[in-house]
Every structure is written in structure tokens, then in C-alpha cells.
Asker: 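Below: one structure in C-alpha cells.
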Amino acid sequence: MRIATWNINSIRTRVDRVLAFLERSEVDVLALQETKCRDDQFPTAPFEEAGYHLAVHGLNQWNGVAVISKYPILEVQIGFPGQPEFREVVEARALGVTVDSPAGPLTVWSLYIPNGRELDDPHYTYKLDWLAQLKSAATGWLTTDPNALIALVGDWNVAPEDVDVWDMGFFEGKTHVSPPERAAFAAIGEVGFTEVTRPLVTNYTYWDYQRLRFPKNEGMRIDFVYASPALAKRVSAAEIDRNERKGKGASDHVPVIVDWD
DNA sequence: ATGACCGCGATGCGCGGA
């Protein structure tokens with residue numbers, strides 16, 4: 001079985017790329033971030049015609065998350081309990097979808113962690129709070145069912161280790177690498193979840209559109225998969241589809257794929 | 001070649017992205 005996460009940077013401009021990816025990768029459950037459209041604007045038909053089930057959550061042209069699944073959808077959760085607001089709005093950054101997998105119910109949370117913008121920006125404190133509240137919610141899920149199959153996947157907007165950026169000097173004084181962000185990311189691993197891709201694959205997952213970042217391989221590793229104990233012990237392989245960054249009309253992120261038995 | 005930002009909504013630019 002295969003799950004994947006991909007910050008798509010507008011679903012409407014990349015329907016064909018997503019369909020092609022699903023076909024060649026044989027992913028069963030795909031979590032998307034930055035769909036950049038309202039629910040009524042989401043191009044669901046081409047995916048439904050290809051035999052997939054969808055859950056989408058978008059409020060406007062910003063953010064937006066979705067899950068596309070070969071397995072039937074059993075439950076959909078819009079946002080997580082305690083998800084913080086920004087400017088009095090709970091943004092479309094979290095969607096929990098429970099699907100009927102061959103191994104039983106599997107819950108995939110498609111997560112788009114706030115960017116943070118600058119270290120002195122209110123968005124930065126929002127980001128830290130968002131991650132802290134996610135940790136609390138995740139703790140609750142494991143308390144409710146320690147054996148649950150849960151994947152917390154998405155664009156975490158944190159480069160947890162120095163090797164996850166091409167030049168630490170470039171990031172001095174910037175977001176994504178600051179100790180508080182890294183601590184908030186690591187804290188998800190302190191409540192029973194395991195980041196399962198790092199031991200299995202090495203690559204960046206994001207390259208800025210500007211300044212020839214991709215041809216020069218000046219990227220960042222910021223897309224990750226945290227698995228619950230029951231799921232983590234079944235994970236057998238991971239892949240970062242770097243080729244998806246090539247060519248005209250690529251997202252600036254590439255898919256991160258996890259195989260499990 | 002993988003190549004010098006992109007997508008959105010609103011209008012001809014500003015915001016957000018990281």
C-alpha cells in the first residue's frame with residue numbers, strides 16, 4: 001500500500017500532473033496541500049472519473065488541503081481539535097480523512113503548516129502555536145486508540161536538520177531552521193509518532209522557483225510523514241519523486257511517497 | 001539538460017510563498 005503527500009501549489013493548474021502521478025506511482029492515498037481554491041472550485045470530476053474518492057477543504061485562494069483515495073472514505077474531519085486561528089479565521093490547513101484500507105481504517109491528515117514569514121512576524125508565533133496545538137491533538141488521538149493507523153503528512157515548513165537546506169548561512173535569521181521551529185517539529189515525535197521518510201530516503205522536497213534553485217539543486221527538505229506506532233512498524237520504503245520538479249508547469253514541491261504492508 | 005518565479009484575484013499590481 002502506498003500513501004503520498006504533495007504540496008501542489010494550485011490544483012486547478014496541475015490536474016493533469018496529479019492524474020499522471022497517480023497513474024504511474026500507484027499511490028492509494030494522496031494528501032495535497034496548497035490546493036488554492038474553494039471547495040466548489042476544486043476539479044473533482046477528473047479524479048472521480050478515474051475511480052478515486054475525494055475529500056477537499058478550501059475557503060479561498062490561499063492554503064487549501066485535500067485527500068484523494070482509491071479506498072472509500074469513512075470519515076472526514078475539517079481541521080483538528082484546538083487548531084489555532086490567524087486573524088480570527090481557522091484557515092484551511094488541516095484535513096483528516098479516514099479511509100477503508102485493506103489493513104483497516106487509516107486516517108491521513110493532510111497538513112499545511114503556516115509559513116511563519118519572518119522571525120518577528122505574528123505569523124511566526126502562529127506557526128509555533130499551530131504545531132504545539134497539533135502535538136496536543138495528536139497526543140489525544142493516540143490516547144484514544146494506541147493501535148490506530150494514523151499518518152500526519154504534509155508541508156511542515158520546517159527544515160529539521162542542517163542537511164535539509166543547501167546552505168545554512170543563507171538561512172541565518174530566517175524561518176524554517178530556527179531552534180523553536182525545529183523543537184516544535186521534533187515534539188510531534190515525542191508523543192509516539194515517528195517521521196518515517198528520513199531513514200529511507202535522502203533528498204530535498206522543495207526548490208524555489210527563483211534564482212535557478214532547482215538546476216543548481218539548492219533545495220529544502222520540508223515535507224514529511226509522521227506515522228503512528230502501528231503504522232510506522234509497517235513502513236517498508238519511502239521515495240521522493242524529484243523528477244516531478246522538472247519541466248514546464250511543475251509545483252515547487254515534489255511528492256513524498258511511503259510504502260507500507 | 002532540470003534553466004534565470006508562480007498562482008491567485010483583481011485589474012494592469014499586490015499578496016503570499018520559503
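Values in this document were obtained by computation on a predicted structure and should not be read as measured data. Lettering of chains follows the sequences in order, A, B, ..., and the numbering in each one begins at 1.
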Asker: Run the ring-centre check on A:His123 versus A:Phe86 and record whether the distance is less than 6.0 Å.
Answerer: yes

Asker: Does A:Arg12 reach a base, just sugar-phosphate, or nothing at all? Heavy atoms under 4.0 Å.
Answerer: sugar-phosphate

Asker: Indicate, with a heavy-atom threshold strictly under 4.0 Å, whether A:Asn243 touches base, sugar-phosphate, or nothing.
Answerer: nothing

Asker: I'd like to know if A:Arg234 and A:Asp259 make a salt bridge, using a cut-off of under 4.0 Å between side-chain N and carboxylate O.
Answerer: no

Asker: Filter on side-chain hydrogen bond (donor to acceptor under 3.5 Å, both in side chains), then keep only pairs touching residues 101-113 of chain A, sequence neighbours left out; what's left?
Answerer: A:Gln33-A:Ser110, A:Glu34-A:Tyr112, A:Thr98-A:Thr107

Asker: DNA chain B: A:Phe214 or A:Met220, which has the more 5' nearest nucleotide?
Answerer: A:Phe214

Asker: In sequence, state the C-alpha distance, the side-chain angles, and the governing distance for A:Val158 and A:Leu131, and then conclude on side chain to side chain contact (heavy atoms under 4.5 Å, CB included).
Answerer: CA-CA 11 Å; A:Val158 177; A:Leu131 285 165; 4.3 Å; yes

Asker: Tell me, please, whether A:Phe170 has A:Lys174 positioned over its six-membered ring: NZ or CZ under 6.0 Å from the ring centre and within 45 degrees of its axis?
Answerer: yes

Asker: When the P atoms of B:dA18 and B:dC8 are compared, how many Å lie between them, rounded to an integer?
Answerer: 15 Å

Asker: For A:Asp162, what residues pass the salt bridge (Lys or Arg N to Asp or Glu O under 4.0 Å) criterion, not counting sequence neighbours?
Answerer: A:Arg182

Asker: List in numerical order all residues of residues 201-211 of chain A for which some heavy atom is under 4.0 Å away from an atom belonging to DNA chain B.
Answerer: A:Tyr206, A:Asp208, A:Tyr209, A:Gln210, A:Arg211

Asker: For A:Phe193 and A:Trp141, I'd like to know if the aromatic rings sit close, meaning centre-to-centre distance below 6.0 Å.
Answerer: no

Asker: Mind checking what makes side-chain hydrogen bond (donor to acceptor under 3.5 Å, both in side chains) contact with A:Asn243, not counting sequence neighbours?
Answerer: A:Lys246

Asker: Under 4.0 Å from any atom of DNA chain B, heavy atoms only: list the residues of residues 115-125 of chain A that qualify, in numerical order.
Answerer: A:Asn115, A:Arg117

Asker: Taking 4.0 angstrom as the limit, do A:Arg198 and A:Asp164 come out as a salt bridge?
Answerer: yes

Asker: Please figure out whether A:Arg14 or A:Asn217 has its closest DNA chain B nucleotide nearer the 5' end.
Answerer: A:Asn217

Asker: Residues in side-chain hydrogen bond (donor to acceptor under 3.5 Å, both in side chains) with A:Thr35, at least two apart?
Answerer: none

Asker: Take the angle between the ring planes of A:Tyr204 and A:Trp207 and call it parallel below 30°, perpendicular above 60°, tilted in between.
Answerer: perpendicular

Asker: Under 4.0 Å, heavy atom to any atom of DNA chain B: which of residues 246-258 of chain A qualify?
Answerer: A:Lys246, A:Gly247, A:His253

Asker: Mind checking salt bridge (Lys or Arg N to Asp or Glu O under 4.0 Å) for A:Arg38 and listing every partner two or more places apart, or none if nothing turns up?
Answerer: A:Asp40

Asker: Have a look at A:Arg93 and say if it touches a base, only the backbone sugar-phosphate, or nothing, with a 4.0 Å heavy-atom cut-off.
Answerer: sugar-phosphate

Asker: Under a criterion of less than 4.0 angstrom to any heavy atom of chain A, what are the 5'-terminal and 3'-terminal contacting nucleotides of DNA chain B?
Answerer: B:dT2 to B:dA18

Asker: I need the full list of side-chain hydrogen bond (donor to acceptor under 3.5 Å, both in side chains) pairs touching residues 64-74 of chain A, with sequence neighbours left out, sorted by first then second residue.
Answerer: A:Asp28-A:Tyr71

Asker: Using the C1' atom as the point on both nucleotides, what is the distance between B:dA10 and B:dG14, in whole Å?
Answerer: 10 Å

Asker: If the condition is salt bridge (Lys or Arg N to Asp or Glu O under 4.0 Å), which residues does A:Arg221 pass it with, not counting sequence neighbours?
Answerer: none

Asker: Short of 4.0 Å, heavy atom to strand atom, which residues of residues 162-179 of chain A count as contacting DNA chain B?
Answerer: A:His176

Asker: Decide, yes or no, whether a salt bridge links A:Arg2 with A:Glu26 under the criterion of side-chain N to carboxylate O below 4.0 Å.
Answerer: no

Asker: Do you know which of A:Leu54, A:Val65, A:Leu74, A:Ile73 makes side chain to side chain contact (heavy atoms under 4.5 Å, CB included) with A:Val97?
Answerer: A:Ile73

